[in-house]
Amino acid sequence: MQSETYSVVRYVLKTLSLNFSIGQLPILRDVSVEFRTGRFTALVGANGSGKSTLLRCLMGIAPAQAGRVLLDETPLSGLKPRQVACRMAYLPQTNVCPDHLTVGELVELAGFARTGLFGSVSNAARAQFRSALHTVGLDGAEATQVAKLSGGQRQRAFIAMVLAQDTPLLMMDEPVNHLDLKYQYAVLDLVRRLVTEQGKTLIMVLHDLNLALSYADDVVVLKEGRVLTQGPVRNVLDASTVAQAFGVEAEMRQLGDRLVCLPKGTRMVRRP
Amino acid sequence: MKFAVTFLGGLALLFVAAAASLSFGATDIASREVVAALLGFDPESLDHFLVLTQRLPRALIAAYVGAVMATGGAAMQGLTGNPLASPSTLGVSAGALLGMLVSVYGFDAGLFVQGLSALAGGFAGFAMTSAVARLTGLGPDPRGLPLILSGALTGMLLAGLSGALLLTDPARRAEYLSWLAGNINHFYADRLAAFWPLGFVSMLILLALARPLTLIGLGTERAAAMGVRVRGVTRAALVAVVIGASSATAICGPIAFVGLVVPHLVRPFTGAHLARLLPVSALVGAALCLLSDVLARRAFAPFTLHTGVLLELVGGVCFGVIVYRLYLRPGAAR
């Protein structure tokens, strides 16, 4: 990145040549990425390209073997787990929840980073919990068991938990993966609003390029553990990038004010 | 508010169970006499003597064992996300039993060393269970069946060793045979007096860790991202559970199934959050042990059944129900 843009744009999170491997198998290779404050950045790439691992390295829950993660210019490795949890929240790809845990309890657990072992929950925090539930449209569901919610509602309950952590930075690993069409768009509308209205910074692993094209500001494209390219969505996601990243020929189309990606198969049914 | 009601309910149950345990036995003692014995001991009265030197110690042992095992089970179930986890299903009780027998048979150890040896055995039993689960490499089953199977295997092996050890010395066999079966008895009052601080500390540690433990139950990575030091909390909790369960075993032998069953009984009333589940489990566990002890004394009068044996009978049925509801029933996979 050139130095003249450096003074204008703020980066909340950066990595410097991150390397991560499991045993002999390299997962991330020399990854240097930057995430701009107050923007929605999508991490895209083929299966096994290292998207989820990058997110976990950024969170510090899977510390990289080499390279550094800088959170507001301070090395992440120097921060205590609770200090990190006050600044960024993480929604894993799979959400398990024991039976009999209620939505209210789930959301309240998010306060751990601020209260620790023996602190009590403040009234301000309680208001934050309520507003998190309101944001995801689960007002009044405090006493409901999480395990008894429908798929879409459960995912929104876990998003509420992440919001209740009240962090400026949010990380989500494929939050709409198992949801039907309606909830995919509902969840993305919701998180987009958080970025636009509340100035949150959002980093999200997304499988669906069209969702990235419709909702994200910036995109980081990973291929085989390396950064293929990064930058604003419109500059970066084009047919040749998609071809390189996924090995699929695709057509990029402008439809009104939307940019869409139409991958081409070889045996598609023709409908003239 | 609702939790206060549940907690008071548990307290009331414990009170009733304690009253029953003090009043009913080979002979029934009127509650007025029980209260009188507790408030002002009359050395002339046989009833007072019975209450203070036999029934009270026995009730205290039952309550201690029930509370410690139930909190241990609740914590382990929360930590592993495994509905069958408990100190007795993960090899802790069997390990503590063997540890204690080794100290008695091998070294004629006194109480202090017996306690230490039981702790060492408890840790070894749990370590062995985890090692077997890891070595057999049955893969990461989301419901943790490999861990439970290894626990069963370890438990059988260690119990077998304990039995073999017992047979080596016919003179002492009778003394420890009943202990081996889980026997709540006033003989063991000196053991309770020696070991109770262990269980007390164990419960305090688990209660202090209630929130991070509940978070770990939601997934280790999520917990880590929420600021929990997962490894440290897990270790501290496991150490607490093993210390508590081993101390209970060192007092009156292995009392199985309280740790397994009580959390399942309590969870529908308190929810899964350990800050609420643990205290109520302690109350209900204590009450359940007291009531089983009353039943063991009365059901086959004039013979007295071992409480451990009775609990094993009742617990075996509950074990089956849990396995059916959470594992075998169609659609039970979580």
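Computed from a prediction, not measured in an experiment: that's the story for all the values here. Here is how names work: the chains are called A, B, and so on, in the same order as the sequence lines, proteins then strands, and each is numbered from 1.
Ranking A/Phe158, A/Phe112, A/Tyr90 against chain B, the residue ahead of the rest is A/Phe112, based on heavy-atom pairs under 4.5 Å. Interface summary for chain A: among B/Gly217, B/Pro268, B/Ala224, B/Gly219, the most heavy-atom pairs under 4.5 angstrom belong to B/Pro268. Of the listed residues (B/Arg229, B/Arg276, B/Glu221), the greatest number of heavy-atom pairs within a distance under 4.5 Å of chain A belongs to B/Glu221.
Heavy atoms closer than 4.5 Å to chain B are found nowhere in A/Ala89, neither backbone nor side chain. Contact of A/Thr94 with chain B is made through the backbone alone, with heavy-atom distances under 4.5 Å. Interface remark: A/Val96 contributes backbone and side-chain atoms alike to the contact with chain B (heavy atom separation under 4.5 Å). Heavy atoms of B/Val228 lying under 4.5 Å from chain A belong to its backbone as well as its side chain. Looking at B/Thr220, neither its backbone nor its side chain comes within 4.5 Å of chain A, counting heavy atoms on both sides. Residue A/Met88 touches chain B through its backbone alone, counting heavy-atom pairs closer than 4.5 Å.
Side-chain polar atoms of B/Gln77 and B/Arg267 form a donor-acceptor pair below 3.5 angstrom.
When every heavy atom of A/Val107 is checked against every heavy atom of A/Met161, the shortest pair comes out as CG2-N, 4.2 Å. Between B/Ala85 and B/Ile148, the shortest heavy-atom distance links the atoms N-CD1, 3.8 Å. Residues A/Val44 and A/Leu206 share a closest heavy-atom pair of CG1-O, 3.6 Å.
A salt bridge links A/Asp72 with A/Arg87: at least one charged nitrogen is closer than 4.0 Å to a carboxylate oxygen. Salt-bridge formation is detected for the pair A/Glu73/A/Lys14: a Lys NZ or Arg NE/NH1/NH2 atom is positioned less than 4.0 Å from an Asp or Glu carboxylate oxygen.
Using a distance-only test at 3.5 Å, with no hydrogens or angles considered, no donor-acceptor pair links the side chain of A/Ser21 to the main chain of A/Gln24.
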